[in-house]
Amino acid sequence: MNAAPDLFEPMRDTVRRHRAETGTMAPAGSVLAAATIDSAAAIGLASSVGALTPGHRADLVLLSGLAHVRGDVSSALVTTAGPADVHTVLVDGQVVKRAGRLTSLDLPKLREAAVPLAILATDH
């Protein structure tokens, strides 16, 4: 699959599909819980991930570009946010993206290293 690593689009797709199949307008923000705490519970990890709770592992995504939103911010996030809106990311309490840039990975170097591996994998 050649899809971009964008978790916002699958949330939007879930909303569109649900609305098309049911004919109802369930709040888009309800999908955010499905993508976080409900998913953690589904794989048996709700006691350690999926919510901002003391003792849970801290994975946070800080977004920009939603200052104009009034009211249901979670629905706006699901229906309008995208990768360009991701400002800062913390994984297990460590900052891995700040001001829209990766902090600890050299993406060009990783891409360069991956190209020969991809060629080797297809060159039998």
Side-chain angles (χ1 to χ4, degrees):
M1 181 174 194
N2 289 331
D6 172 3
L7 295 178
F8 298 103
E9 187 55 37
M11 287 192 291
R12 279 191 290 280
D13 190 47
T14 299
V15 170
R16 285 189 296 264
R17 184 174 181 173
H18 180 268
R19 290 177 176 176
E21 289 177 355
T22 67
T24 63
M25 291 295 288
S30 64
V31 174
L32 191 56
T36 55
I37 190 65
D38 295 345
S39 293
I43 61 172
L45 295 176
S47 64
S48 61
V49 299
L52 291 177
T53 304
H56 279 206
R57 295 178 68 188
D59 290 0
L60 301 172
V61 176
L62 306 179
L63 303 167
S64 57
L66 296 173
H68 66 285
V69 174
R70 302 291 180 257
D72 187 0
V73 175
S74 58
S75 286
L77 182 147
V78 170
T79 58
T80 65
D85 299 310
V86 177
H87 183 275
T88 301
V89 176
L90 289 87
V91 174
D92 203 15
Q94 301 296 313
V95 177
V96 297
K97 185 175 186 178
R98 179 179 284 124
R101 297 203 177 276
L102 296 173
T103 60
S104 59
L105 294 175
D106 184 344
L107 198 52
K109 186 176 180 179
L110 288 172
R111 285 186 180 133
E112 184 179 311
V115 171
L117 294 176
I119 292 170
L120 289 174
T122 58
D123 191 24
H124 291 82

- Item | CG (L52) with more than 12 external heavy atoms under 6.0 Å | no

- For the atom pair CG (D85) and CG (L77), what is the distance rounded to the nearest 0.5 Å? 8.5 Å

- Sequence neighbours left out, what passes salt bridge (charged side-chain N to carboxylate O under 4.0 Å, His left out) with D13? Give chain and number order. R16

- Does V69 belong to the same Ile/Leu/Val/Met/Phe/Trp/Tyr cluster as V61, with side-chain heavy atoms less than 4.5 Å apart forming each link? yes

- Query: How far does CE of M11 sit from OG of S30, to the nearest 0.5 angstrom?
  - Reply: 11.0 Å

- Message: Applying a strict under-4.5 Å side-chain criterion to I, L, V, M, F, W and Y, I'd like to know whether L102 and V86 cluster together.
- Response: no

- On a heavy-atom basis, the closest approach of A40 and G50 is CB-CA, 4.0 Å

- Item | Over all atoms of both residues, closest heavy-atom pair of S74 and L32 | CB-CD2, 3.9 Å

- Message: Using 0.5 Å steps for rounding, measure from the NE2 atom of H18 to the CD atom of E21.
- Response: 8.0 Å

- Message: Does R57, at its CZ atom, have more than 12 non-hydrogen atoms belonging to other residues, nucleotides or ligands within less than 6.0 Å?
- Response: no

- Note on the structure: CG (D59) and OG1 (T36) are apart, to the nearest 0.5 Å, by 11.5 Å

- Task: Answer yes or no: is there a donor N or O on one side and an acceptor on the other, between the side chain of S48 and the main chain of H56, under 3.5 Å?
- Result: no

- Query: Which heavy-atom pair separates A41 from A46 by the least distance, and what is that distance?
  - Reply: CA-CB, 3.7 Å

- Task: Over all heavy atoms of both residues, which pair between I37 and V49 is shortest? Give the atoms and the distance, please.
- Result: CD1-O, 4.1 Å

- Message: If hydrophobic clusters are built by linking Ile, Leu, Val, Met, Phe, Trp and Tyr wherever their side-chain heavy atoms come under 4.5 Å apart, do L66 and V89 end up in the same one?
- Response: yes

- Item | Polar side-chain atom of R12 near backbone of A28 as donor-acceptor pair, under 3.5 Å | no

- Message: Which residue in the set T88, V91, L90 passes side chain to side chain contact (heavy atoms under 4.5 Å, CB included) when paired with L60?
- Response: L90

- Item | T103 and Q94, any side-chain heavy atoms less than 4.5 Å apart | no

- Any link between L7 and L45 through a network of hydrophobic side chains (Ile, Leu, Val, Met, Phe, Trp, Tyr) touching at under 4.5 Å? no

